[in-house]
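In what follows, a single structure is set out as structure tokens and then discussed.
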Amino acid sequence: DAKTTQPTSMDCAEGRAANLPCNHSTISGNEYVYWYRQIHSQGPQYIIHGLKNNETNEMASLIITEDRKSSTLILPHATLRDTAVYYCIVFSGYSTLTFGKGTMLLVSP
Amino acid sequence: GAGVSQSPSNKVTEKGKDVELRCDPISGHTALYWYRQRLGQGLEFLIYFQGNSAPDKSGLPSDRFSAERTGESVSTLTIQRTQQEDSAVYLCASSLGTERNSPLHFGNGTRLTVT
């Protein structure tokens with residue numbers, strides 16, 4: 001899988017938008033960008049994924065740059081329960097699925 | 001709807017004993033995966049099932065590890081003669097298919113501790 005780079009940690013005030021960046025400059029044309037999060041002692045939770053176009057679902061929005069070398073996950077109205085480690089993954093196959101260090105998002109009151 | 005269910009959530013066993021871990025995938029998901037996550041480390045692929053095809057066992061670390069799946073439903077991961085290095089969280093995931101456009105949905109895992 002292509003390598004991704006994310007900030008180690010970010011802070012966000014409750015109710016504000018959380019924008020989590022990810023660089024994936026070596027992504028290839030048929031690889032998808034996936035976002036997962038993991039709250040302590042739970043399994044990874046799927047959030048959203050995309051190939052080229054921006055995507056939105058009930059949890060978040062995903063903005064992918066035109067050259068596909070970076071993306072941003074947006075949680076529009078962060079809550080305390082959104083505090084977790086967020087992983088940006090470039091997915092090319094289940095056997096090589098890797099979760100890097102991720103970004104620890106801390107949402108504060 | 002119901003997500004991926006794993007049981008037990010925690011298992012403590014003595015070195016040398018056999019353990020069996022269970023996974024109930026999301027209904028309708030044809031693909032099922034087992035991963036291992038050691039403390040502070042990333043995911044390690046173990047085995048993958050897709051429909052009636054032969055499973056991909058390329059990630060199993062030794063012949064002490066085996067897994068079965070009945071049709072497109074429950075899967076069990078068996079570890080024989082457990083060793084202390086087997087201590088980890090064992091995660092199961094399922095997906096609608098195996099395309100890159102099919103998200104994997106994970107259970108909360110079974111935390112295995114071998115004493």
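Residue numbering restarts at 1 for every chain, and letters A, B, ... go by the order of the sequence lines. Predicted model, so just to flag it, every value in this text is computed and none were measured.
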Report yes or no: do [X] and [Y] belong to one cluster of Ile/Leu/Val/Met/Phe/Trp/Tyr joined by side chain heavy-atom distances under 4.5 Å?
X: B:Ile47; Y: B:Val19; answer: yes
X: B:Phe45; Y: A:Tyr32; answer: yes
X: B:Leu21; Y: B:Tyr33; answer: no
X: B:Leu46; Y: B:Leu39; answer: no
X: A:Leu73; Y: A:Met10; answer: yes

- request: Identify which of B:His105, B:Glu99, B:Gln41 forms the greatest number of heavy-atom pairs closer than 4.5 Å to chain A.
  value: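 The residue among B:His105, B:Glu99, B:Gln41 with the greatest pair count is B:His105.
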task: Give the member of B:Gln6, B:Arg111, B:Gln37 that has the highest number of heavy-atom pairs under 4.5 Å with chain A.
output: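 The residue among B:Gln6, B:Arg111, B:Gln37 with the greatest pair count is B:Gln37.
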task: Measure the spacing between NE2 of A:His49 and OG of B:Ser102 and express it to the nearest 0.5 Å.
output: 7.5 Å
task: Would you give the length of the straight line joining atom CG of B:Asn101 to atom CZ of A:Phe91, rounded to the nearest 0.5 angstrom?
output: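 The CG atom of B:Asn101 sits 10.5 Å away from the CZ atom of A:Phe91.
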Does [X], at its [atom1] atom, have more than 12 non-hydrogen atoms belonging to other residues, nucleotides or ligands within less than 6.0 Å?
X: B:Glu85; atom1: CD; answer: yes
X: A:Asn30; atom1: CG; answer: yes
X: A:Arg16; atom1: CZ; answer: no

field: Toward chain A: residues of residues 64-74 of chain B with heavy atoms under 4.5 Å
entry: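 From residues 64-74 of chain B, none sit under 4.5 Å of chain A.
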- prompt: Contact part of A:Gln38 toward chain B, heavy-atom cut-off under 4.5 Å: side chain, backbone, both or neither?
  reply: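 Just its side chain gets close to chain B.
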- request: Could you tell me whether the side chain of A:Tyr36 reaches within less than 4.5 Å of the side chain of B:Phe106, counting heavy atoms only?
  value: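 In short, these two side chains touch, coming nearer than 4.5 Å.
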query: Does some side-chain heavy atom of B:Arg100 sit less than 4.5 Å from a side-chain heavy atom of A:Leu51?
result: no
query: Okay, side chain of B:Asn108, backbone of A:Gly43: is any donor-acceptor separation there less than 3.5 Å?
result: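 Here the side-chain-to-backbone pair exists.
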task: Identify which part of B:Leu43 has an atom lying under 4.5 Å from any heavy atom of chain A, answering side chain, backbone, both or neither.
output: both
- line: Residues B:Leu104 and A:Tyr46: closest non-hydrogen pair is O-CB, 4.0 Å
